[in-house]
Amino acid sequence: MPQLLRVQNFNVSTDGVGAGEHQSLERPFGDLDPEKLFAWAGATASWPRRTEPGGTRGLDDYFTRDFAHNIGAEIMGRNKFGPQRGPWQDHEWRGWWGDEPPFHTPVFVMTHHERPSFTLSDTTFHFVSGDPSAVLERARDAAQGKDVRLGGGVTTIRQFLDADLVDTLHVAVAPVKLGPGLRLWESPEELLDRYHLEVVPSSSGVAHHLFWRK
């Protein structure tokens, strides 16, 4: 079986915005309130950070449970790892996820400024330069036959889409319009020259957009 590059559970608004402007250490999504995009996943029974019993089942829960299925590595942009820009000033700060990152695989952080790898729990972060195809080759080697997840953010996903490297995408479109910010698309129809699309509505109000190569 081929190793797929998959975008999973990526969240945008109805106007295609996936992150706000003015990202900072305190506000990973910038001016955007992430609750407006992620509420559907946080309400599910399988949400990994759930501290109380309960939660919804059904379609949203299925996508939450499927997040880690057959994933052997992740690729993310530097902006998803943290708000620092340019040469690394602080090697002690190790991302937004604490001592137990939710990835549980090797993670390849794309950056123009490489730094030594480090491991937190069962996640090892590698800081790599190079074009998308070269980074994907490294991630596939590390995934040991499993698929690679393209975690974002918006700019990184667009880079891999423009390089025609993405095999499948699951984009959850929340029923809100956000205005200024980083936009994945003006319309999902932009991808229909290369992908099939099925839109599956959820009772939470989210519309799950499922793309796969033609």
Side-chain angles (χ1 to χ4, degrees), residues 4-14 17-20 23-77 79-83 93-109 118-125 143 146-154 156-157 168-178 181-182 184 198-211:
L4 301 179
L5 179 62
R6 297 156 53 189
V7 174
Q8 291 180 272
N9 297 11
F10 194 77
N11 299 271
V12 301
S13 61
T14 55
V17 174
Q23 183 191 40
S24 68
L25 179 62
E26 295 76 21
R27 297 179 66 86
F29 287 87
D31 297 334
L32 181 153
D33 177 4
E35 179 68 17
K36 293 181 178 180
L37 299 183
F38 295 101
W40 69 272
T44 63
S46 298
W47 180 243
R49 296 184 180 178
R50 174 170 292 284
T51 57
E52 298 178 356
T56 65
R57 293 292 184 179
L59 183 65
D60 290 347
D61 190 63
Y62 169 80
F63 283 116
T64 304
R65 285 186 284 115
D66 194 52
F67 182 72
H69 178 69
N70 199 43
I71 295 295
E74 166 142 346
I75 297 170
M76 68 173 64
N79 288 12
K80 181 175 177 180
F81 177 80
W93 190 77
R94 296 189 169 192
W96 273 302
W97 304 281
D99 294 332
E100 297 286 340
F103 308 107
H104 312 295
T105 67
V107 174
F108 292 83
V109 181
F118 65 83
T119 299
L120 292 172
S121 185
D122 56 357
T123 298
T124 298
F125 292 92
K146 294 184 177 182
D147 294 339
V148 176
R149 181 172 53 234
L150 182 59
V154 172
T156 300
I157 291 177
T168 67
L169 301 89
H170 163 229
V171 181
V173 179
V176 294
K177 188 174 182 179
L178 296 176
L182 295 176
L184 181 64
E198 184 171 349
V199 180
V200 185
S202 166
S203 59
S204 64
V206 166
H208 296 284
H209 287 56
L210 308 174
F211 299 84

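This structure is a prediction, so every number in the text was calculated from the model and none was measured. These numbers come from the heavy atoms of this one structure, side chains and all, not from hydrogens, waters or symmetry mates.
Annotation: side chain of Asn11 is in contact with side chain of Trp40 (closest heavy-atom distance under 4.5 Å).
For Tyr62, the ring pair (Phe, Tyr, Trp, His ring centres under 6.0 Å) test picks out no residue, with sequence neighbours left out. Legend: residues meeting ring pair (Phe, Tyr, Trp, His ring centres under 6.0 Å) with Trp96, ordered by chain and number and at least two apart, are Trp93. With sequence neighbours excluded, no residue forms a salt bridge (charged side-chain N to carboxylate O under 4.0 Å, His left out) with Lys146. Every residue meeting the ring pair (Phe, Tyr, Trp, His ring centres under 6.0 Å) condition with Phe125, not counting sequence neighbours, appears here in chain and number order: Phe81, Trp97, Phe118. Applying the salt bridge (charged side-chain N to carboxylate O under 4.0 Å, His left out) criterion to Asp61, with sequence neighbours excluded, gives Arg57, Arg65. Here Thr44 pairs with Thr64 under the side-chain hydrogen bond (donor to acceptor under 3.5 Å, both in side chains) rule; sequence neighbours left out. Phe63 meets the ring pair (Phe, Tyr, Trp, His ring centres under 6.0 Å) test with His170, His208; sequence neighbours excluded. By the side chain to side chain contact (heavy atoms under 4.5 Å, CB included) test, Ala174 is found to be paired with Leu37, Val176, residues two or more places apart in sequence or in another chain being considered. Applying the side-chain hydrogen bond (donor to acceptor under 3.5 Å, both in side chains) criterion to Asp122, with sequence neighbours excluded, gives His104. Every residue two or more places apart in sequence or in another chain that forms a side chain to side chain contact (heavy atoms under 4.5 Å, CB included) with Glu198 is listed here: Val200, Trp212. The side-chain hydrogen bond (donor to acceptor under 3.5 Å, both in side chains) test applied to Thr168 returns no partner, not counting sequence neighbours.
Each salt bridge (Lys or Arg N to Asp or Glu O under 4.0 Å) pair with one or both residues in residues 93-102, not counting sequence neighbours, would appear here, but there are none.
Geometrically, Arg149 engages Phe67 in a cation-pi contact defined by less than 6.0 Å to the ring centre and at most 45° from the axis.
Residue Asp66 holds its CG atom at 7.5 Å from CG of Asn9, rounded to the nearest 0.5 Å. Distance NZ/Lys80 to OG1/Thr156: 9.5 Å, rounded to 0.5 Å. To the nearest 0.5 angstrom, Gln8 atom CD is 4.5 Å from Ile71 atom CD1. Put simply, CG on Leu184 and CZ on Phe10 are 6.0 Å apart, with the number rounded to the nearest 0.5 Å. Here the CD-OG1 distance, from Glu74 to Thr123, works out to 9.0 Å after rounding to the nearest 0.5 Å.
The two atoms that bring Ser204 and Asp60 nearest to each other are OG-OD2, 2.7 Å, heavy atoms only. Nearest heavy-atom pair across Thr14 and Pro175 is CG2-CA, 4.0 Å.
Using modelled atom types, no side-chain atom of Ser202 and backbone atom of Val206 make a donor-acceptor pair closer than 3.5 Å.
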